There are 2 protein chains.
Amino acid sequence: MSTKKERLDAICGIIRTKAISNQEELLKELEDSGFSVTQATLSRDIKQLKVAKVHDGNGDYVYRLPETSISKQAQPEGKKKPNIEFSGNLAVVKTRPGYAMGIASDIDTHAPNEILATIAGDDTILVIPRNGVSQEKVIAALSHFI
Amino acid sequence: MSTKKERLDAICGIIRTKAISNQEELLKELEDSGFSVTQATLSRDIKQLKVAKVHDGNGDYVYRLPETSISKQAQPEGKKKPNIEFSGNLAVVKTRPGYAMGIASDIDTHAPNEILATIAGDDTILVIPRNGVSQEKVIAALSHFI
DNA sequence: AGTATTGTTGAATAAATATACAATTGAGGG
DNA sequence: CCCTCAATTGTATATTTATTCAACAATACT
C-alpha cells in the first residue's frame with residue numbers, strides 16, 4: 001500500500017548497491033525503478049532514513065546508510081530471494097552468519113557440473129563457476145540450496 | 001608551523017566537542033579560537049578531513065568525524081603501505097597474521113558501495129569488488145582500513 | 001636569478017540540499 | 001455527511017555547501 005515505504009526501501013537498496021553522489025542521481029535511479037518523485041521528497045526521505053553524504057577520499061561524495069539501517073537491512077525477515085551477486089564471472093552468495101560453510105559444502109557436493117569450487121567464510125560464499133557456464137545457469141544451480 | 005594544520009586540528013577538536021550543524025557555526029567557533037577563514041576554505045577543510053554532515057534523528061544536522069580519522073587519532077601509525085595486489089578484478093590484501101578476519105569485517109561494514117564481498121583467511125583477505133568499480137576506487141576504499 | 005610547479009586562500013558563483021507553504025488525500029469522530 | 005487532524009507531496013524558494021577563478025606564496029628545478 002504505502003508507496004512511500006516501498007520508495008524508502010528502494011532508496012536503501014540503491015544506496016547500498018551503487019555509489020550515488022547526489023540526489024539528482026538518486027532521482028534517476030528511482031525513476032528506473034518506477035518511482036517518480038521530486039528532489040524535495042527525496043531530501044525528506046533521506047532525512048528520514050538518516051542517510052548521510054560522506055566523502056569517499058577521491059574528491060567524490062557518496063550517500064551512505066547509517067549503521068543502524070544497515071543492520072536492519074541485513075536482517076529483514078522471511079527472505080524469498082537468494083542473495084546472489086556477480087563480480088565478473090564469480091558469484092558471491094550472502095548467507096546468515098555461520099551458514100556459509102554448510103551451504104557451500106552442499107553446493108560442492110550437488111552441483112559439480114556448473115560449479116568448479118566454492119570458498120566460504122562465515123556469511124559469504126565465493127562461487128567459482130566452470131568456464132562456459134552462464135550466470136543464469138549458475139543462479140539456477142545455486143537457487144536449490146539457498 | 002603550518003597554520004592550516006593547526007586549523008584542521010582545531011576543526012577536529014570543535015567537531016568532537018560541540019554539536020556543529022553547519023559551516024557558518026563552525027566558522028564562528030573557529031573565530032573564537034583565533035582562526036579567521038572563509039566558508040570556502042572551511043568547505044575544503046571539511047572535505048579533506050572527510051567530516052560528514054549526518055542527521056541526528058531530531059531533524060537536526062551534526063558534523064561528525066569519520067571513524068578513520070578517529071582511529072588515526074588513536075593510533076599514530078608508522079606509515080605502512082597497504083599491501084594490495086590485483087588479480088583480474090579481484091584484490092588480495094595481506095595483513096599481519098590473525099588480523100585478516102577483523103579487517104575484512106571492517107571492510108564489509110564500511111565500504112558497501114565498492115566492495116561486494118570479502119573472504120578472509122588468517123593473514124589474507126580476498127576482496128571482490130562490484131562490477132564496474134575501478135581498481136583506483138577499490139584501493140581508495142580499502143586504504144582506510146589498512 | 002628565473003621559471004615552473006604546487007598549495008592555499010578569498011570572492012564570487014554554481015550546485016546541491018532543505019524547507020515554507022499550499023494543496024491533496026485518507027483516517028477517524030461527531 | 002461534514003469536519004478535523006495528520007501525513008504526503010510538489011512548487012518555489014531559501015539555505016547551505018562546493019567549486020571556479022584569480023591571486024599569492026613557497027618550493028623545486030635549471
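Chain letters run A, B, ... following the sequence lines, proteins first and then strands; every chain starts at 1. Values in this document were obtained by computation on a predicted structure and should not be read as measured data.
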Colleague: Ignoring the backbone of B:Thr38, work out which of C:dA11, D:dT17, C:dA18 is nearest its side chain.
Modeller: C:dA11

Colleague: Looking only at side-chain N and O atoms, does A:Asp60 offer a donor or acceptor that is under 3.5 Å from a partner on A:Ser21?
Modeller: no

Colleague: Look at the side-chain N and O atoms of B:Tyr63 and state whether any lies under 4.0 Å from the OP1 or OP2 oxygen of D:dT17.
Modeller: yes

Colleague: Nearest 0.5 angstrom please: B:Glu25 CD to B:Leu42 CG, how far?
Modeller: 11.5 Å

Colleague: Map B:Lys53 and B:Arg44 onto DNA chain C by nearest heavy atom, then report which one ends up closer to the 5' terminus.
Modeller: B:Arg44

Colleague: Rounded to whole Å, how long is the line connecting atom CG of B:Asp45 with atom C1' of D:dA18?
Modeller: 13 Å

Colleague: Does atom OH (B:Tyr99) have a neighbourhood of more than 12 heavy atoms from anything else shown, all under 6.0 Å?
Modeller: no

Colleague: Give a yes/no answer on whether the side chain of B:Tyr61 brings an N or O atom under 4.0 Å of OP1 or OP2 in D:dT17.
Modeller: no

Colleague: Consider the side chain of B:Ala40, meaning its heavy atoms from C-beta on, and name the nucleotide among C:dT17, D:dT19, C:dT19 that approaches it most closely.
Modeller: D:dT19

Colleague: With distance as the sole criterion, do the side chain of A:Gln39 and the base of C:dA16 form a donor-acceptor contact below 3.5 Å?
Modeller: no

Colleague: Write down the distance between CG (B:Leu27) and P (C:dT9), rounded to a whole number of angstrom.
Modeller: 13 Å

Colleague: Taking for each residue the nucleotide of DNA chain C with the nearest heavy atom, is it B:Gln48 or A:Ser43 whose nucleotide lies nearer the 5' end?
Modeller: B:Gln48

